[in-house]
Amino acid sequence: MAAAMVSSAGGLLAMLNEPHTSLKLHALLLLNKFVHQFWPEISTSVPIIESLYEDEEFDQHQRQLAALLVSKVFYYLGELNDSLSYALGAGSLFDVSEDSDYVHTLLAKAIDEYAVLRSKAAETSEVVDIDPRLEAIVERMLDKCITDGKYQQAMGIAIECRRLDKLEEAITKSENVQGTLAYCINVSHSFVNRREYRHEVLQLLVNVYQKLSSPDYLSICQCLMFLDEPKGVASILEKLLRSESKDDALMALQIAFDLVENEHQAFLMSIRELLPAPKTRRVEAVQAVETSTAHNENTAGDVQMTVETPLLSQTTQTIEHEIDPVDAVYAERLTKAKGILSGETSIQLTLQFLYSHNKSDLLILKTIKQSVEMRNSVCHSATIYANAIMHAGTTVDTFLRENLDWLSRATNWAKFSATAGLGVIHRGHLQQGRSLMAPYLPQGGAGGGGSPYSEGGALYALGLIHANHGEGIKQFLRDSLRSTSVEVIQHGACLGLGLAALGTADEEVYDDIKSVLYTDSAVAGEAAGISMGLLLVGTATDKASEMLAYAHETQHEKIIRGLALGIALTVYGREEGADTLIEQMTRDQDPIIRYGGMYALALAYSGTANNKAIRQLLHFAVSDVSDDVRRTAVLALGFVLYSDPEQTPRIVSLLSESYNPHVRYGAALAVGISCAGTGLSEAISLLEPLTSDVVDFVRQGALIAMAMVMVQISEASDSRVGAFRRQLEKIILDKHEDTMSKMGAILASGILDAGGRNVTIRLLSKTKHDKVTAVIGLAVFSQFWYWYPLIYFISLAFSPTAFIGLNYDLKVPKFEFMSHAKPSLFEYPKPTTVATANTAAKLPTAVLSISAKAKARAKKEAEQKANAEKSGTESGAGKGKATSNEKEADSMQVDSTAPPVEKKAEPEATYEILVNPARVVPSQEKYIKLMEESRYVPVKLAPSGFVLLRDLRPHEPEVLSLTDSPTSTASPASGAAATGQGQQANTASAMAVDDEPQPPQAFEYASP
C-alpha cells in the first residue's frame, strides 16, 4: 500500500511537467493534500513547483496553490523564512483559521516579523518597507480573533504589532469593555518595554474610557497619572466634586486616596493647584469699597487713611468668607480633597492606626540589649536602629525612655543615629514634629549649645518625619543649613532637606545644597550628593552632568559615592531616556562612578523587568574588575524585577552560589528587595543556605533580606518563619558570633516586627504604579554598606497593612467584615516570654492544693461544669468561634484540681470577623469579604488601604473608631541619647502600649 502511495506521488510529480494546465492543477491539489506524508519526495521537485509559481501564464489561483505547496515543503525542511515568504505568495489560500502546526508556526513567525518591522519604523528614523502581504496576514489574524471573541488575544497581538487601531476595535467590540480595559492596562505595564509607546497605549485607553456611557474614573485617573497629565485629573475631580450626587463626591475622594498611594508628590501638588477655588459673592462690593477708600485717601490725606484702611480689610474679609451658596457644598468637598491630596489625611489616619494597633514586643529589644550591653558599639547602634524600625510610625518611644542610661553612652555618630531614630518613630507627625525634636535642634548661632552630632541627627530626623511632605519644615532646614559651618550638622541638614523636598526640584534648595557640596568637605559633601539626588528624583535634568563633572574633580571618595548615588536618583523611571547617562557612567574608569551606573540602571528601569537592563546588569555582575560594582550590579536586579518577584530567585540562583562573597551578598539583597513582603517560598529557599554562609557580611545580608521577605508572614502560613525567629535569637545571644552577623540579626529582628507589626514593605501600589518614595528609600537604604545612618531610609518603604473604611466626613465608622480563612494564618506573632528569652527549658505547671475537702468540692464543681459545657456544645453546634474575651478568661483560670479535667481542643474556626479599621496583611487580601446586609458599601471593591464607604442607613447614628490621636510629649525622653540631659521617664507612652489584663473569673474560697 505504502509503495503504491509513493509511486502515485512520483506520478503526480511527473504530471507537473505535462503541458496541459488542468493536469498540473490536479497534481498540485493532490500533492497539497498529502504533503505532510510525502514532503521528502516532493522536496526533490521544489524547483519545478517554484517555476510554476513564477509562471505568469498560470492564473492567479494556480500560482497561489504552487506557492502554498512550496511553503509547506520548506516548513517541513525547517526553513521558516522561505516558508513564510511563499506563504505570503499564497494569498488567501493561506488559511489563518486552519488548526494545524504549520499555520500556527507561520502565524507566530509572521506576527514576530511584522512586530519587529513596526517597532523599528517607530523607534528609528529609517524608512522601513513592510510587505503589504505580511500586513494582510496579520490583519486577517486580528480580524479572526475579534470575530471569534478572542479579544484578549487580539489585544495582545495589536499591542505587540503597534496596531492601536485594531486595539481600539478589539476593546470596543468586546462584551465586557470595563474588564477588557483593565486587562489592557495590565498588559501595557507588564509587556510594553518602551516608555513612549506605553504612553501612546494609555492615551488610547483614556480616550476609550471617556467615550463610555459610565466612565470608570478611577482607571482614567490612574492612566492620566502615568501620562503625567494633572490637568485631566483635576477636571475629572472638579466635575465629581461639583456633582449633586454624594456618590460622585465619594468617588472623587477615593480617586484622591488612590493617587496619594502612588506617592508622586509633584503630580499631586499640580492637581491641588489646578483645582479651582469656589466662587465668592459680591465681588463688586469689594471693588466699590476699594474705590471709595482710594478716593478718600486722595481727598482727606493721612488722617483719613488711618481710619479707612482697617475698614477696608474688615469688609474684604467679610466678603471673602461669603461663598456662593451653590458653591458651598463644593467648597466643603474641595477642602477634603485637598487635605487628601496633600497626604495629610492619610498620614494622620495611618498614625492613628499604627498607634492604636501597636503590637511591638519590647521583650525582644530587652533581650537584644542585655546580650549586647556596651561591649560592641556596632551592635549598640544596631539595637537603636532596630528599635526605631520596630516602632516606625507608632510614636511609641517606651524602650528609649526606659533605657536612658544605656542610651546616653552613645557617642559621636552613634549619638547622631540615636537622635535621628526619633524621626522614624514619629514619622508623619507633621504637626508636632518640630516641637518633638526641639531639645536637640540647633539653638541659633553657628553651633548652638548641644552636641553637633545630636543637632545633625535632629535635622535628619525632621527630614524623616516630613519625608515627601516637607512644605512646613523646608524653610527651617534651609536656615539651619545656611547658618552652620559644622560638617556634622550640615550632613544632617542636607539629608533632612533632601527628604523633605523629595522630588520637588526646588532651585533655591538645590543652590543651598550645592554650596555645601562645593566646600569639598568629605562628610557634608557625601550627604549633599545624596540630597541633590533626592531633590531631583526622576527629573533627568542637565544638573546630573554638573554633578558628574564635580565627581570627577573631587578627591574625596565619600563625595564621589554620594554624587554617584545622587546622579542615579535623578534618572529614576526614565527608562531608555537615561541610556546616554548610564552608558557614560558604566564606561567610567572610576569604579565608584561605575557603581553609581549600576544604581542608575536599577532606578531608570525600576519595576519594568526590562530584558536589556537585566542583560546589562548580569554582564557587569560577572565581568567587572571591582567587587564593589559586581555586588551592586547583582543587587540592582532586585529593583528591575520587583514587579515580577517570582523571576528573581531563578535569575540570581547561580549568582548566589558564586565563589565571590560580594556577588553572593548582592544576590541575597536582590531577592530581599524584589520579593519583600511576599513570603515567596523560592526566595526563602534561596536565602536559607546564605544565612549560614562562611563569610560574615554575606550572612548579614542574607538575614536582613530574609526578614524583608518574611515581614508580615505568620508562622502558621510558613513554619520557616518560626525557625528564622529562633535562628535570630540564637545568633544574638551567642557570645562567640561575629559582629557583622550579630548586627544583621538585630536589624532583621527590627524589620520582621516593623511598625508595631502592622507594616509591610511594598514597592508597587495596588494600581501597579511604582511607589516612588518606597523605591528611593530602599535604594538609599542599600547604601548602608558604607554608611550606617542611611539604614533609616528603609522606613520610607513601609506601607501599613490595614483596611481603613471612611465615611463621607472622612471619619472611621465601626462596622464588621469577614476574613474567610483560619484566624491563625494571619494572626500577630505570639509575644515572647522571659522563660523562652533566657532558656529553652519549660517549667512544669503549678498545681494548687489546699486540702482534701477543697479538692473534693472543686472536683465536683469541675464535673458539673464539664457536663454543662457538653450540653451547651451540643445545642450550639455550627456556631462561630469563641470570642477573644472568652479565650482570655479561660486562659486565666487557676486549675485547683489534681488531676485536671481533660477538655477536647475545639476545632479552629474557618473564618474571622474583623472590625474597621483592621489589620489585613497582603496574603490575607484574597479572603476578605463584606458581610451581607452591611450598613456600609465600599465605593470600589478593595481588600485593603483607604476605602470610601457609602452609608445605606444615613439616618441612624454612627459609632466611630480611631478617635484617639497619638499623644506627644514636648521633650521626648530619648534626649538622654542626644544631649545627656535629665531623665524624664514618661510612663504614659508605655501605658498606651500595654493592654490592661482581664479581671479573673469569680471563685469561692474554701477555708481549710
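One-based numbering along the sequence shown.
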Original post:
Measuring from Ile137:CD1 to Ile111:CD1, what's the distance to the nearest 0.5 Å?
Top reply: 10.0 Å
Original post:
With a 3.5 Å cut-off and no angle check, do the side chains of Thr773 and Asn468 form a donor-acceptor pair?
Top reply: yes
Subject >> Asn262-Gln222 side chain donor-acceptor pair, cut-off 3.5 Å >> reply: yes
**OP:** Drop me the distance from Leu202's CG to Cys223's SG, to the nearest 0.5 angstrom.
**Re:** 5.0 Å
Original post:
Checking Ser243 side chain against Lys239 main chain: does a donor-acceptor pair fall under 3.5 Å?
Top reply: no
**OP:** Indicate the atoms forming the closest heavy-atom contact of Leu259 with Ile271, along with that distance.
**Re:** CD1-CD1, 3.9 Å
**OP:** Would you verify whether the NZ or CZ of Lys612 falls within 45 degrees of the ring axis of Tyr605 while also being under 6.0 Å from that six-membered ring's centre?
**Re:** no
Subject >> Inter-residue atom distance Asp770.CG - Leu763.CG, 0.5 Å rounding >> reply: 8.5 Å
**OP:** With the side chain counted from C-beta on, respond yes when Val759 and Thr801 share a heavy-atom pair under 4.5 Å apart, and no when they do not.
**Re:** no
Subject >> Nearest heavy atoms of Phe826 and Ala821, plus distance in Å >> reply: CE1-CB, 3.6 Å
Subject >> Rounded distance (nearest 0.5 Å) linking atom CG of Leu241 with atom CE of Met251 >> reply: 12.5 Å
Subject >> Minimum side-chain heavy-atom gap Gln352-Leu349 below 4.5 Å >> reply: yes
Original post:
Heavy-atom count around Lys940 NZ within 6.0 Å, excluding the residue itself: above 12?
Top reply: yes
**OP:** Look up atom CG in Leu237 and atom SG in Cys221, then write down how far apart they are to the nearest 0.5 Å.
**Re:** 5.5 Å
Original post:
Tell me, do Leu603 and Leu569 make a side-chain contact under 4.5 Å, heavy atoms counted?
Top reply: yes
Subject >> Residue from Asn807, Asn916, Asp809 passing side-chain contact (heavy atoms from CB on, under 4.5 Å) with Leu960 >> reply: Asn807
Original post:
Is the closest basic N to carboxylate O distance between Glu139 and Lys166 below 4.0 Å?
Top reply: no
Original post:
Do we get Lys246 above Tyr808's six-membered ring, with its NZ or CZ under 6.0 Å from the centre and within 45° of the axis?
Top reply: yes
Original post:
Ala158 and Leu142: which non-hydrogen atoms are nearest, and at how many Å?
Top reply: N-CD2, 3.9 Å
Original post:
Could you go step by step and tell me if Ser765 and Glu261 meet the side-chain hydrogen bond (donor to acceptor under 3.5 Å, both in side chains) rule?
Top reply: CA-CA 6 Å; Ser765 68; Glu261 192 195 1; 4.6 Å; no
**OP:** Evaluate the side chain to side chain contact (heavy atoms under 4.5 Å, CB included) criterion for residues Lys811 and Glu958: first the C-alpha distance (whole Å), next the side-chain angles of each, then the deciding distance (0.1 Å), finally the verdict.
**Re:** CA-CA 10 Å; Lys811 298 282 190 294; Glu958 282 187 304; over 6 Å; no
Original post:
What residues form a side chain to side chain donor-acceptor pair (under 3.5 Å) with Arg953, not counting sequence neighbours?
Top reply: Glu956
**OP:** Check whether any side-chain heavy atom of Phe639 sits under 4.5 Å from a side-chain heavy atom of Ser674, and report yes or no.
**Re:** no
Original post:
Can you check whether Leu218's main-chain N or O pairs, donor with acceptor, with Asp216's side chain at less than 3.5 Å?
Top reply: yes
Original post:
Just by modelled atom types, is the Leu948 backbone N or O under 3.5 Å from a matching donor or acceptor in the Gln254 side chain?
Top reply: yes
Subject >> Under 3.5 Å side-chain donor-acceptor pair for Tyr217 and Asp248 >> reply: no
**OP:** Locate the shortest heavy-atom distance separating Ser944 from Glu925; write the atom from each residue and the value.
**Re:** OG-OE2, 2.7 Å
**OP:** For the pair Leu134 and Leu117, evaluate side chain to side chain contact (heavy atoms under 4.5 Å, CB included) and give the outcome as yes or no after the intermediate values.
**Re:** CA-CA 11 Å; Leu134 179 64; Leu117 291 169; 4.1 Å; yes
Original post:
Hey, are Arg919 and Gln924 close enough side-chain-wise for a donor-acceptor pair under 3.5 Å?
Top reply: no
**OP:** Please lay out, stage by stage, how Val947 and Leu806 fare under the test side chain to side chain contact (heavy atoms under 4.5 Å, CB included).
**Re:** CA-CA 6 Å; Val947 180; Leu806 300 165; over 6 Å; no
Original post:
Should Leu949 and Val939 count as side-chain neighbours, where that means a heavy-atom distance under 4.5 Å?
Top reply: no
Original post:
Any donor-acceptor pair under 3.5 Å linking the side chain of Thr760 with the backbone of Arg762?
Top reply: no
Original post:
Looking only at atom types and distance, does a side-chain atom of Ser643 sit under 3.5 Å from a main-chain N or O of Gly607, one as donor and one as acceptor?
Top reply: yes
Original post:
With side chains defined as the heavy atoms from C-beta onward, is the minimum distance between Ser934 and Phe817 less than 4.5 Å?
Top reply: no
**OP:** Measure the spacing between CG of Leu430 and CD1 of Ile347 and express it to the nearest 0.5 Å.
**Re:** 4.5 Å
Subject >> Side-chain heavy atoms of Ile340 within contact of Val260, under 4.5 Å >> reply: yes
Subject >> Thr172 side chain to Glu168 backbone, donor-acceptor under 3.5 Å >> reply: yes
Original post:
Arg118 and Glu160: salt bridge (Lys or Arg N to Asp or Glu O under 4.0 Å), yes or no, with the steps?
Top reply: CA-CA 9 Å; Arg118 292 278 300 180; Glu160 194 176 351; over 6 Å; no
Original post:
Is the distance between the ring centroids of Tyr151 and Tyr183 under 6.0 Å?
Top reply: no
**OP:** Could you go through the side chain to side chain contact (heavy atoms under 4.5 Å, CB included) check for His820 and Lys926 one step at a time?
**Re:** CA-CA 9 Å; His820 274 278; Lys926 56 178 178 274; over 6 Å; no
Original post:
For the side chain of Ser342 and the backbone of Gly339, is there at least one donor-acceptor N/O pair under 3.5 Å apart?
Top reply: yes
**OP:** Would you check if Lys173 and Glu169 make a side-chain contact, meaning some heavy-atom pair closer than 4.5 Å?
**Re:** yes
Subject >> Minimal non-hydrogen separation, Asp506 against Leu535, with atom names >> reply: O-CD2, 3.6 Å
Original post:
Which pair of heavy atoms, one from Tyr197 and one from Arg162, lies closest together, and at what distance?
Top reply: OH-CA, 3.1 Å
Original post:
Hey, does the side chain of Arg574 reach the backbone of Gly538 with a donor-acceptor pair shorter than 3.5 angstrom?
Top reply: yes
**OP:** Give a yes or no on this: more than 12 heavy atoms of other residues, nucleotides or ligands lie within 6.0 Å of atom NZ of Lys109.
**Re:** yes
Original post:
Are the ring centres of Phe226 and His199 closer than 6.0 Å?
Top reply: no
